[in-house]
Novice: 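Handing you a structure now.
The sequence lines fix the lettering, A, B, ..., with proteins before strands; numbering per chain opens at 1.
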2 protein chains.
Amino acid sequence: MEAINLTEKQKQLVEKLGVNTEKEGMPPAPARIMALLMISPELELTFDQIRETLNLSKSATSNALNMLMNTDRIDYITKSGDRKRYFKNRIGSWKESIQQSFHKLERGADLLEEILENRPQHTVDFNENLKDIISFMRYVTKKLPTIYAEWQENRE
Amino acid sequence: MEAINLTEKQKQLVEKLGVNTEKEGMPPAPARIMALLMISPELELTFDQIRETLNLSKSATSNALNMLMNTDRIDYITKSGDRKRYFKNRIGSWKESIQQSFHKLERGADLLEEILENRPQHTVDFNENLKDIISFMRYVTKKLPTIYAEWQENRE
DNA sequence: AATTTGGTTCTCTTTTTTGAGAACTAAAAA
DNA sequence: TTTTTAGTTCTCAAAAAAGAGAACCAAATT
């Protein structure tokens, strides 16, 4: 048995965060793995520790881990003289993740812009609202560095 | 035939925005309806106009429309002496929608806070990162009114 | 009273997603 | 060379999501 010991509370949090992550569009198994790597007291877990803690099959574990690595959501380290990989949360790169999510917002604004360009000239109010949404989205993304800088100064 | 006429470009945009909306976790039929109500030159469409333009069955149309109304994503108006409902995009309430998405962010921060409270005291770096993420999320949501006010002043 | 309108709801398929488990593989160890 | 380790990949089944179409229904019309 390789499963790691979690308190009831921790198990419950894995499910809660897992469901939350599923709602963000992540499939169940990867969502649980991400949650586990956020809640586990041990930060670096092997394939089998993950597999047995979450009661997943080998295939589900393998596919989920690879998917999470391809999308830069997890990472792994190795230890010399040990063939196993130790998977871990990429929490250290949260700034990059946030930048990425703002980048997604920009691409959303681009799509809305394309829609705006293809709207008829009448429907004036509608088009104005659409223009405002786009403008606001772009403003927010433009301000991200400022917001970040302010946060860093005021940080308690 | 009640279907409304869309140019090829408009049809293509309905699909593009539809897929985009699906990726946000919306099922296909509701995603297409939302997209249609964003792209259609006519702003208020009847049940049958939607159904025929998108080639949906009555059940799919009915379920999707009700789901979108329950989640405050669309709305309808009526015209006196006309039993039909005219469904429309709630673009006018985009500010509320944005507030809502920031509110979601706050609930995300609450969940992370709960996780932080259940982390062991060692894993210092990890916990610090988590603290920073939470702090930043809260800072952003707190600043929303300011950001909005700034945007309104600088608006071109 | 009978029919039409504007949907809603039920049943049943089809399709898609998810994951189990066995077979397999490459590198390392024995 | 044989075995073990640390996974990967393949095949298949179960389950969940999506949607078609018919039956149904209440209000309005004829």
Novice: Do any side-chain nitrogens or oxygens of A:Asn66 fall under 4.0 Å of OP1 or OP2 in D:dT8?
Specialist: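 Yes, within the criterion.
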Novice: Reading DNA chain C from 5' onward, which residue's closest nucleotide shows up sooner: A:Met26 or A:Lys58?
Specialist: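 Residue closer to the 5' terminus by nearest nucleotide: A:Met26.
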Novice: For the pair made of CZ in A:Arg32 and P in C:dT17, what is the distance, rounded to whole Å?
Specialist: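 Those two atoms, CZ and P, are 18 Å apart.
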Novice: DNA chain D: A:Thr61 or B:Ser59, which has the more 5' nearest nucleotide?
Specialist: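 Closer to the 5' end of DNA chain D: A:Thr61.
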Novice: Could you give the CG-to-P distance, from A:Leu65 to D:dA6, as a whole number of Å?
Specialist: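 Roughly 15 Å, once rounded to whole Å.
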Novice: Find the distance A:Arg51:CZ to D:dT8:C1' and express it as a whole number of Å.
Specialist: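 To the nearest whole Å, that distance equals 13 Å.
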Novice: Check whether any side-chain nitrogen or oxygen of A:Arg83 sits under 4.0 Å from OP1 or OP2 of C:dA27, and answer yes or no.
Specialist: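 It does not, given that no N or O in the side chain of A:Arg83 lies less than 4.0 Å from OP1 or OP2 of C:dA27.
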Novice: May I ask you to say whether B:Glu113 pairs ionically with B:Arg138, meaning some side-chain N is under 4.0 Å from a carboxylate O?
Specialist: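 Salt bridge flag = yes for B:Arg138 with B:Glu113.
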Novice: Output the rounded distance in Å from CD (B:Glu2) to C1' (C:dG6).
Specialist: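 That distance rounds to 11 Å.
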Novice: Starting from P on C:dT16, measure out to CD on B:Glu22 and report it in whole angstrom.
Specialist: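 Computing the B:Glu22:CD to C:dT16:P distance gives 11 Å.
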Novice: Starting at atom CG of B:Asp82, determine the distance to atom P of C:dT4, rounded to an integer number of angstrom.
Specialist: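 Rounded to the whole Å, the gap is 19 Å.
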Novice: Output yes when at least one side-chain N/O atom of B:Arg85 is less than 4.0 Å from OP1 or OP2 of C:dT8, else no.
Specialist: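 For C:dT8, OP1 or OP2 has a side-chain N or O of B:Arg85 closer than 4.0 Å.
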Novice: For C:dG6, does either OP1 or OP2 sit under 4.0 Å from a side-chain N or O belonging to B:Lys84?
Specialist: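 For C:dG6, OP1/OP2 do have a side-chain N/O of B:Lys84 under 4.0 Å.
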Novice: If the threshold is 4.0 Å, N to carboxylate O, is there a salt bridge linking B:Arg51 and B:Asp48?
Specialist: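 Yes, charged N to carboxylate O under 4.0 Å.
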Novice: Is any NZ, NE, NH1 or NH2 atom of the basic residue among B:Asp75 and B:Arg85 found under 4.0 Å from an Asp or Glu carboxylate oxygen of the other?
Specialist: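 Between B:Arg85 and B:Asp75 there is no salt bridge, as every charged N stays at least 4.0 Å from the carboxylate O atoms.
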Novice: What integer distance in Å separates B:Lys79:NZ from D:dA28:C1'?
Specialist: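 These atoms are roughly 19 Å apart.
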Novice: Is B:Glu114 salt-bridged to A:Lys16, cutoff N-O under 4.0 Å?
Specialist: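 Salt bridge: yes.
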Novice: If I take atom CZ in residue A:Phe47 and atom P in nucleotide C:dA26, what distance separates them, rounded to the nearest angstrom?
Specialist: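 After rounding, the reported distance stands at 17 Å.
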Novice: Using the rule that Ile, Leu, Val, Met, Phe, Trp and Tyr join whenever any side-chain heavy atoms are under 4.5 Å apart, tell me whether B:Val14 and A:Leu111 fall into a single cluster.
Specialist: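 Yes, B:Val14 connects to A:Leu111 through the hydrophobic network.
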